[in-house]
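Because the structure is a prediction, the values reported are computed rather than measured.
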Amino acid sequence: MSSRPGQGAGRLLRGGRVAARVLLVWALSAGALRLLDLWLPGFAMADWWQPTVCALLFGVLSAVVWPLVLRVALPIAVFSLGFGSFLLLGVGVLAISFVVPGVVIADFETAVVVAVAVSVLATLGSSLLALDQDELFFRRAARRSARRAAGGDGEMPPGVLFLQVDGLGMDTLRRAVRDGDMPTFARWLDAGSHRLTEWHTDWSSQTGASVCGILHGDNSDIPGFRWYEKDRDHVMACAHPEDAAEIERRHSDGRGLLSNDGAGHGNLFTGDAPHVSLTMSALPVLTGAARRRRRGSSDGVGAGYYAYFANPANTLRTLAGALVDVVREISASTRQRRADVRPRVNRGGFYPFARSATTVIVRDVVVSAIIEDMLAGRAAVYADFLGYDEVAHHSGVERFDALAVLRSIDQQIGRLHRATQLAPRRYHIVALSDHGQTQGWAFTDRFGESIEALVGRLCGAPQPEPRRGVNSDARRPAEGWQVGAALAEASTGSGPIARRLRARVEGAGSVQDRPRTESGAPGAVTRVAPGVVVVASGHVAMVSFTEHEGRVELETIEREFPELLPALVDHAGVGFMLVRSAEFGPVVLGRDGLHRLAAGVVVGEDPLIPYGPHAADLVRRVDGFAHSPDIMINSRYDAARDEASPFEPHVGSHGGIGGPQSRGFLLHPSDLPAPGEIVGAEALHRVLRGWLTHVGQPEPAVDAQTSGTVAAG
């Protein structure tokens, strides 16, 4: 949606609300100081006029002096989530006591208490008038718009806000809009200002692959959120700063989606934006000053924090919201346990605080950074709202507390739309997701054994002695699957492909007997069995045989681990597997059939049919990756129940193919060109890049230094 500067200015600012706010906060601060004089030891004001004068000076300190001080003391605010700002305000309060005659503050601790108390009441005063920092933004934006018009700079092409609701699938979005959980989206669709369309993710339906493709136009050789690189004996993890920086180095050509005066917040990768905050691949300790100068930015991990914590009241507001969210999480998890809701996972320990960090703290900082971007007139902004994805992992894709997080995100997007009305340039708002989520019992809970333990056992890893007295309920979730009886490993229960694989092994003669390295050797990556590494990433699991260079072929696996492939293909939690055959090339194995991708030959039932019309092409693409594993396993999707069992301990999950996890959404202004069918994140990048060009933004120039680095990598 677009809006011209100045639209709605009178409605937003009329009625003296700003003046009322100033007077009310001043009065509350003076009253707070008088009460503290009565109740707080070590703090005294002898005369009636002193609270009024000190409240005025404190207001000037917070509004004028404090932002300037914070520019110097930014690290204190960044690394203490804003709490360190109150220590600095305590210093300011001490300074005020020296300036105003007769004011006594005994020590620094007393000064900090005074600073916190006055800030709390100022925040409450703003809330009573239903005001927040948007009012300051609106006033500043109006002044900037007026100066731009007076300067005769001419109208800039519209900017675009790309707002990613992490993990929100198309199916869940439709129901949330229908049921009133996302009223902002519903209003846009009802008014006809926006259109809703679906896009299909890559096989790896997770943020690392999707966002790299969306922002940089290239997500090749990213088979999962984590994957094993045999040539380096290293597990790559998209959420690890050094690995994220390396992934971006491999995929960036300097012409990313945000390379033309763009900004990114809360993302894994920069999209070549010159202005970023809370971005994993751009942490200053990794990227170095030289690269940041090439990108023309002094921004860093603290840029978004500066804009937010410049006002200490924001810290109090966010802290209160975070504490409320911790209580909500504890209440929600308790209700699940009491009602014996299934599937569910453990939600104790530190998780309630980690959840509040994503649903409240990071969300508030990101929204503040986006508003500042609009105030600065950035051409394009891409921001990730991670809260729904985090809660849906632990609660479920449409459980009440996950939908409550969706409502809060929708509210923030509505707030950003309101802010566009006085930005110095028009803005379109595009909302999208990087993937969806498919719900189901975790593989370990359902079958009583993790995928790592299963592969290790089938590859001959020493098994621990069974323990007596183990709680039998630990294995009970395995009975929840309707076809649980088919788990029996007797050959009479085998499917046709397992029988065929066993016959191939028997016909080939004796199994090769060769010495093997011990588990954990030679590198630091844990082996589930001698010479075998398994990496789980949502709904995919990747098996690599470390004693062989390059891709290990099906025939070699059959000789060395004759029971592995038949047992996996028959397992009720395995949907299909990708292996490479010396004879047939890439082969997809399922319980009741196989698909030879190179020739398009299907024997028995096509194992890819339940996974949609694009499955064969998406799997074939991954087979060509340099770091494609020796065996790539996708969880079994049950279309009748619309569920699958992830290989990680989640309720809602993604990372593979099958069900809602592969269906992202794209909500775009109606006056932008219709995107058509979108398959893969790289295709979505081309659509978004085309929209930037359509609204008049220039094509990005080639960065010779960056593109040369990528080419060399």
Chemist: Could I get the full list of side chain to side chain donor-acceptor pair (under 3.5 Å) partners for Ser204, not counting sequence neighbours?
Modeler: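 Partners of Ser204 under the side chain to side chain donor-acceptor pair (under 3.5 Å) test: Gln206.
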Chemist: Does Arg335 make a cation-pi contact with Phe400, if we ask for NZ or CZ under 6.0 Å from the ring centre and within 45° of the axis?
Modeler: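 Yes, Arg335 sits over the ring of Phe400.
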Chemist: Less than 4.5 Å apart, side chain to side chain, heavy atoms only: is that true for Thr270 and Tyr382?
Modeler: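 The answer is no; the side chains never approach within 4.5 Å.
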Chemist: Who are the side chain to side chain contact (heavy atoms under 4.5 Å, CB included) partners of Thr693, not counting sequence neighbours?
Modeler: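 Scan of Thr693 (side chain to side chain contact (heavy atoms under 4.5 Å, CB included), adjacent residues dropped) gives Arg689, Glu699.
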Chemist: Not counting sequence neighbours, list each pair that qualifies as a salt bridge (Lys or Arg N to Asp or Glu O under 4.0 Å) and has a residue in residues 159-168.
Modeler: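 Salt bridge (Lys or Arg N to Asp or Glu O under 4.0 Å) check on residues 159-168 returns no pairs.
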Chemist: Could I get the full list of side chain to side chain contact (heavy atoms under 4.5 Å, CB included) partners for Asp171, not counting sequence neighbours?
Modeler: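 Asp171 satisfies side chain to side chain contact (heavy atoms under 4.5 Å, CB included) with Arg175, Pro660, Arg663 once adjacent residues are dropped.
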Chemist: Are Asp373 and His265 close enough that a side-chain donor and a side-chain acceptor fall under 3.5 Å?
Modeler: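 Yes.
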Chemist: Going by salt bridge (charged side-chain N to carboxylate O under 4.0 Å, His left out), name the residues that satisfy it together with Glu648, two or more places apart in sequence or in a different chain.
Modeler: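 Residues passing salt bridge (charged side-chain N to carboxylate O under 4.0 Å, His left out) with Glu648: Arg226.
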Chemist: Here's a test for you: under side-chain contact (heavy atoms from CB on, under 4.5 Å), which of Thr359, Val360, Val366 qualifies with Arg363?
Modeler: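 When side-chain contact (heavy atoms from CB on, under 4.5 Å) is applied between Arg363 and each of Thr359, Val360, Val366, only Val360 qualifies.
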Chemist: Does the Ser356 side chain pair with the main chain of Phe353, one donor and one acceptor, at a distance under 3.5 Å?
Modeler: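 At least one qualifying donor-acceptor pair exists.
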Chemist: Kindly determine whether Gln439 and Glu643 satisfy side-chain contact (heavy atoms from CB on, under 4.5 Å), including the steps that lead there.
Modeler: CA-CA 5 Å; Gln439 187 162 299; Glu643 68 174 11; 5.6 Å; no
Chemist: Tell me, please, which residues at least two apart from His614 pass side chain to side chain donor-acceptor pair (under 3.5 Å).
Modeler: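 Residues passing side chain to side chain donor-acceptor pair (under 3.5 Å) with His614: Glu677.
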Chemist: Fit a plane to each ring of Phe443 and Phe447, take the angle between them on a 0 to 90° scale, and name the class: parallel (under 30°), tilted (30 to 60°) or perpendicular (over 60°).
Modeler: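 Tilted.
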Chemist: Would a 4.5 Å heavy-atom cut-off, applied to side chains only, mark Ile429 and Val160 as touching?
Modeler: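 Side-chain contact under 4.5 Å: no.
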Chemist: By ring-ring contact (aromatic ring centres under 6.0 Å, His included), which residues pair with Tyr351, not counting sequence neighbours?
Modeler: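 With sequence neighbours excluded, Tyr351 shows a ring-ring contact (aromatic ring centres under 6.0 Å, His included) to His394, given in chain and number order.
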Chemist: So, using side chain to side chain donor-acceptor pair (under 3.5 Å) as the criterion, who are the partners of Trp199 when residues are at least two apart?
Modeler: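 Once residues adjacent in sequence are excluded, Trp199 has no partner under the side chain to side chain donor-acceptor pair (under 3.5 Å) criterion.
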Chemist: Could you tell me which residues satisfy side chain to side chain donor-acceptor pair (under 3.5 Å) with Glu329, sequence neighbours excluded, listed by chain and number?
Modeler: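 For Glu329, the residues satisfying side chain to side chain donor-acceptor pair (under 3.5 Å) (neighbours in sequence not counted) are Arg347, Arg355.
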Chemist: Under a plain distance cut-off of 3.5 Å, with no hydrogens placed, do Asp434 and Thr207 share a side-chain donor-acceptor pair?
Modeler: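 Looking only at side-chain atoms, Asp434 and Thr207 do form a donor-acceptor pair, the distance falling under 3.5 Å.
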Chemist: Would you call Arg342 and Asp340 a salt bridge, using N to O less than 4.0 angstrom?
Modeler: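 Yes, Arg342 and Asp340 are salt-bridged.
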Chemist: With sequence neighbours excluded, tell me which residues meet salt bridge (charged side-chain N to carboxylate O under 4.0 Å, His left out) with Glu682.
Modeler: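 Once residues adjacent in sequence are excluded, the partners of Glu682 under the salt bridge (charged side-chain N to carboxylate O under 4.0 Å, His left out) criterion are Arg621.
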Chemist: So, Phe647 versus Trp441, ring centres under 6.0 angstrom or not?
Modeler: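 Here the rings of Trp441 and Phe647 have centres that are no less than 6.0 Å from each other.
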Chemist: If the condition is side chain to side chain contact (heavy atoms under 4.5 Å, CB included), which residues does Ser205 pass it with, not counting sequence neighbours?
Modeler: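 Once residues adjacent in sequence are excluded, the partners of Ser205 under the side chain to side chain contact (heavy atoms under 4.5 Å, CB included) criterion are Thr201, His435, His654, Gln661.
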Chemist: So, using side chain to side chain contact (heavy atoms under 4.5 Å, CB included) as the criterion, who are the partners of Pro673 when residues are at least two apart?
Modeler: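 Only Trp691, His694 meet the side chain to side chain contact (heavy atoms under 4.5 Å, CB included) criterion with Pro673.
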